[in-house]
Amino acid sequence: ILLIVSMTYKSFTRGMLSIVSLPIGVIANFGLMGYMGIRLDITTAIITSFAMGMGVDFSIHFLSAVKAEFDKCLDLEKALEKALTGPGVSIAYNAISTKIGFSALLFSHFASIHTFATLMCFNMMVLATAALTFLPAVIRISAPECITGYRERNKIEETRFAFFGKVAMSMAVCFALIIGIFLVDANADDGSTKLKNGKIVVDCRR
């Protein structure tokens, strides 16, 4: 997603802003799975990827709205306000309508379909909320040049590297958590290993 958005808009900063809210959705999604006892398998992994792909649309639409409003008024504060009260409302309606659509699957008696609906509805609301709360805050603090051009350069010169450093650290922690989950799941003891005479014996029949 980062590479595609960066190449499309020819701006790495815009690509970073588009995915800045996705780690929130990933962590919240795995947290819900752990709370509900939903195992991480092929189905739930695909659900997570699918939700992230849909959730990035919210960020892309919001960034486009902020950019369009800033070009009109040349004021970042007003641009954020108009983007939230205009296209931001449409993004909220989009998330709500998508959630209602997926909620029909909650009545299914198939466990996998019910799990799919639960995670998708939850992810839509978390990602939409992050796109309308966390992303505007990041834009306001960093005033990225992909939106403001060079008008705010003097204001953000001292905070630019600190901002991207925090984003990079957050993403690194998120990836570390994901890798840790896979390693724990892969190394979980399923009864196929036994300790015999101080040595680990693997039962290959399992």
Side-chain angles (χ1 to χ4, degrees), residues 1-5 8 15-65 84 87-138 167 170-193 202-206:
I1 293 173
L2 172 62
L3 293 177
I4 291 174
V5 176
T8 300
M16 289 289 292
L17 289 173
S18 298
I19 66 170
V20 73
S21 61
L22 297 188
I24 298 176
V26 172
I27 294 174
N29 178 73
F30 286 153
L32 179 66
M33 289 171 58
Y35 178 76
M36 298 183 63
I38 300 174
R39 288 186 57 82
L40 180 63
D41 52 24
I42 295 177
T43 302
T44 52
I46 292 175
I47 292 172
T48 304
S49 301
F50 187 55
M52 296 304 104
M54 295 184 65
V56 75
D57 292 344
F58 301 143
S59 298
I60 292 175
H61 293 163
F62 185 78
L63 285 171
S64 299
L84 285 170
V89 176
S90 300
I91 292 174
Y93 285 151
N94 182 17
I96 293 173
S97 62
T98 304
K99 178 180 178 180
I100 293 174
F102 280 113
S103 64
L105 301 178
L106 292 173
F107 298 98
S108 174
H109 294 288
F110 292 99
S112 58
I113 295 179
H114 189 275
T115 299
F116 174 83
T118 301
L119 294 179
M120 285 303 300
C121 291
F122 178 75
N123 277 306
M124 287 300 98
M125 299 311 298
V126 171
L127 290 169
T129 302
L132 296 177
T133 55
F134 183 69
L135 180 57
V138 171
V167 172
S170 299
M171 294 183 65
V173 172
C174 180
F175 286 131
L177 289 174
I178 295 173
I179 293 173
I181 292 173
F182 278 104
L183 291 177
V184 170
D185 186 68
N187 295 326
D189 185 10
D190 59 354
S192 61
T193 59
V202 180
D203 186 1
C204 296
R205 294 174 297 177
R206 299 196 179 192

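Values below: all heavy atoms of this structure, side chains included; hydrogens, waters and symmetry mates excluded.
To the nearest 0.5 Å, atoms CG (Leu22) and CD1 (Ile27) are separated by 11.5 Å. Considering CD1 of Ile91 and CD1 of Ile60, their distance stands at 10.5 Å, rounded to 0.5 Å. The CG atom of Leu63 sits 5.5 Å away from the CG atom of Leu17 when rounded to the nearest 0.5 Å.
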Only pairs under 3.5 Å count here: list side-chain donor-acceptor contacts from residues 100-117, not counting sequence neighbours, and write none if there are none.
| residue | atom | partner | partner atom | Å |
| --- | --- | --- | --- | --- |
| Ser103 | OG | Lys99 | O | 3.4 |
| Ser103 | OG | Ile100 | O | 2.5 |
| Ser108 | OG | Phe110 | N | 3.1 |
| Thr115 | OG1 | Ala111 | O | 2.9 |

Identify all side-chain donor-acceptor contacts of residues 121-137 below 3.5 Å with residues at least two apart in sequence or on another chain.
| residue | atom | partner | partner atom | Å |
| --- | --- | --- | --- | --- |
| Asn123 | ND2 | Asn29 | OD1 | 2.9 |
| Asn123 | ND2 | Leu119 | O | 2.8 |
| Thr129 | OG1 | Met125 | O | 2.7 |
| Thr133 | OG1 | Thr129 | O | 2.5 |

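Partners of Tyr93 by side chain to side chain contact (heavy atoms under 4.5 Å, CB included), not counting sequence neighbours, listed by chain and number: Val89.
No side-chain heavy atom of Val5 sits under 4.5 Å from any side-chain heavy atom of Met16.
Under the side-chain hydrogen bond (donor to acceptor under 3.5 Å, both in side chains) criterion, the residue pairs touching residues 50-64 are Arg14-Ser64, Ser21-Ser59, with sequence neighbours excluded.
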